[in-house]
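In what follows, a structure is listed as structure tokens, so that the remarks can point back to it.
Each residue takes its place number in the sequence, starting with 1. These numbers were taken from a predicted model, which means no experiment stands behind them.
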Amino acid sequence: MSSFPQPQIRIPSATRTRNPQIDNAKFVLIALVVIGHGMGELRGDSPLLKAAYHFIYLFHIPAFVYLSGSLARTEFGVRQGMRWLCTLLIPLLVFQAIYHAWNAWLLHETFEYHITEPYWLLWYLASLACWHLLLPPMLALGRPLLTACGIAILAGYAGDIGYPFSLSRTLVFLPFFIAGHRHGLDLPGPRSGAVAALLSLAGLAWLIRDLDPVWLYGSSAYPDLWGGPLRAGLLAASAVGVWAVLRLVPRKASPLTAMGRQSLAVYLLHGLLINAATALGLWASLAHLPPAWRLGLAVTGGAALACLLTKAAPWFRPLMNFGWLLHPSSEGDASSIRNRSPVRHGRRERSSATRRGSVSTSRQTSGLTRGGD
């Protein structure tokens, strides 16, 4: 008998293929976010702490935006829209209520809910949704990165944009999102050059230590006409920092990899603890310590808190991804499939895989949002 070629069967894996460099970068950057927020409460009038704070803020958020852009897709459909709804917009609305309720309880104030102004760190979720929407029309332009830089600089001259809907930050950090999408993470250059770049950036941070940090937040309009050139210089310095830190991040799996998968939980939860420490007077009780001690506490304490929150992340997963609202049985079905005996159910799985054909792996979602964790 003649034998017919058997169809190639690919059994779908329960675990999505992930790029460890992305998760490594996510943890390094989210740890810097936590360290930076703690340092902001401890810096006082110390030149050392102000310089360290400026150093972190010169590149850590731009690097996160670049990372988000490197993972962004240009296609938009119902499935992608529902994904954004469940991982960006609903968590934004939920945590907006959680933060206002938490602060009202801590400070014994009246609960107020403001939907138009994302609370403190929640701006990133609002801006991330906007960057995804802006990506296709920006790429349709002849020089999208140059255009984005022009928009970022000119945005500061518009006095009526700022915190509402996180519009100012969306426009200011847009160049990094576009750059990340166009150039990705395979950045060229020697690692020794990246170290030198970060050292130079530290020197710049010392020189501008007395600059109002609002310039690094990208959330306000310029006070005068010289704001545009200053922002252009800061964007250039941030671009150098983004290249340097992403060039130094390990590209292979490391102890940072698993923790980086929980970056969204760390981002959304650590602010609650920062506010609790403020309400309980923790930062005020540490203000008398020498600047070097406060710097050490901010770095070690922030890094330790980021690590601990990655362990607590699974408990809060339903608040980070609301896909279960749309498909409440999908998680249970997936769990039951993974727990099936491969011997007993192998024939059924192979038959199902044959009908579906090959299943492609999904890309990791952008920046702070998770993909398959």
[Y] versus [X], side-chain donor and acceptor atoms under 3.5 Å:
| X | Y | answer |
| --- | --- | --- |
| Ser166 | Ser127 | yes |
| Asp23 | Thr257 | no |
| Ser254 | Asn24 | yes |

[X] versus [Y], closest heavy-atom pair with distance:
| X | Y | value |
| --- | --- | --- |
| Lys252 | Pro20 | C-CB, 3.9 Å |
| Met39 | Val299 | CE-CG2, 4.3 Å |
| Met320 | Pro91 | O-CG, 3.5 Å |
| Ala51 | Trp206 | CB-CE3, 3.6 Å |
| Ala306 | Val266 | O-CG2, 3.7 Å |
| Ala237 | Leu201 | O-CD1, 3.5 Å |

Reported [atom1]-to-[atom2] distance for the pair [X] and [Y], which is rounded to 0.5 angstrom:
| X | Y | atom1 | atom2 | result |
| --- | --- | --- | --- | --- |
| Asn321 | Ile90 | CG | CD1 | 9.5 Å |
| Leu230 | Leu225 | CG | CG | 13.0 Å |
| His54 | Leu211 | NE2 | CG | 5.0 Å |
| Ile35 | Leu42 | CD1 | CG | 12.0 Å |
| Arg43 | Leu295 | CZ | CG | 13.0 Å |
| His132 | Leu128 | NE2 | CG | 4.0 Å |

Do [X] and [Y] have side chains that get closer than 4.5 Å, going by heavy atoms?
| X | Y | value |
| --- | --- | --- |
| Arg169 | Val172 | no |
| Leu235 | Cys149 | no |
| Val249 | Leu185 | no |
| Ile151 | Thr147 | yes |
| Leu319 | Leu268 | no |
| Lys26 | Ile22 | yes |
| Leu49 | Arg294 | yes |
| Leu174 | Val65 | no |

Got a donor-acceptor contact below 3.5 angstrom from the [X] side chain to the [Y] backbone?
| X | Y | answer |
| --- | --- | --- |
| Glu41 | Asn275 | no |
| Trp243 | Pro188 | yes |
| His270 | Val34 | no |
| Thr310 | Gln262 | no |
| Arg261 | Ala258 | no |
| Ser168 | Gly218 | yes |
| Tyr157 | Ala221 | no |
| Trp84 | Ala129 | no |
| Arg251 | Gln21 | no |

Ring centroids only, cut at 6.0 angstrom: are [X] and [Y] within range, meaning strictly under it?
| X | Y | value |
| --- | --- | --- |
| Trp215 | Tyr222 | yes |
| His183 | Tyr66 | no |
| Tyr119 | His100 | yes |

With clusters defined by side-chain heavy atoms of hydrophobic residues (ILVMFWY) lying less than 4.5 Å apart, directly or transitively, does [Y] cluster with [X]?
| X | Y | result |
| --- | --- | --- |
| Leu216 | Leu207 | no |
| Ile56 | Trp120 | yes |
| Leu85 | Phe322 | yes |
| Leu289 | Ile274 | yes |
| Tyr53 | Leu29 | yes |

- Task: Check the pair Met138, Leu135 against side-chain contact (heavy atoms from CB on, under 4.5 Å), reporting the backbone distance first and the verdict last.
- Result: CA-CA 5 Å; Met138 289 297 298; Leu135 183 61; 5.5 Å; no
- Task: Show your reasoning for whether side-chain contact (heavy atoms from CB on, under 4.5 Å) applies to Leu134 and Thr170.
- Result: CA-CA 10 Å; Leu134 289 171; Thr170 298; 4.2 Å; yes
- Task: Only one of Trp131, Phe177, Phe95 passes ring-ring contact (aromatic ring centres under 6.0 Å, His included) with Tyr124; say which it is.
- Result: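 So, applying the ring-ring contact (aromatic ring centres under 6.0 Å, His included) to Tyr124 and each of Trp131, Phe177, Phe95, only Trp131 qualifies.
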Would one find more than 12 heavy atoms of other residues, nucleotides or ligands at under 6.0 Å from atom [atom1] of [X]?
| X | atom1 | result |
| --- | --- | --- |
| Ile115 | CD1 | no |
| Arg182 | CZ | no |
| Asp45 | CG | no |
| Arg143 | CZ | no |

- Would Leu106 and Thr278 satisfy side-chain contact (heavy atoms from CB on, under 4.5 Å), going step by step from the backbone distance to the final call? CA-CA 9 Å; Leu106 286 174; Thr278 302; over 6 Å; no
- Salt-bridge contact Arg247-Asp186 (side-chain N to carboxylate O under 4.0 Å):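 Looking at Asp186 together with Arg247, the answer is no, because their closest N to O distance does not fall below 4.0 Å.
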- Mind telling me whether Phe59 and Phe55 have parallel, tilted or perpendicular rings, with 30° and 60° as the class edges?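 Phe55 vs Phe59 ring planes: perpendicular.
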- Query: Would Leu58 and Val240 satisfy side-chain contact (heavy atoms from CB on, under 4.5 Å), going step by step from the backbone distance to the final call?
  - Reply: CA-CA 9 Å; Leu58 274 170; Val240 173; over 6 Å; no
- Task: Would you please test Tyr217 and Tyr57 for ring-ring contact (aromatic ring centres under 6.0 Å, His included) and show each step?
- Result: CA-CA 8 Å; Tyr217 304 155; Tyr57 272 79; 5.6 Å; yes
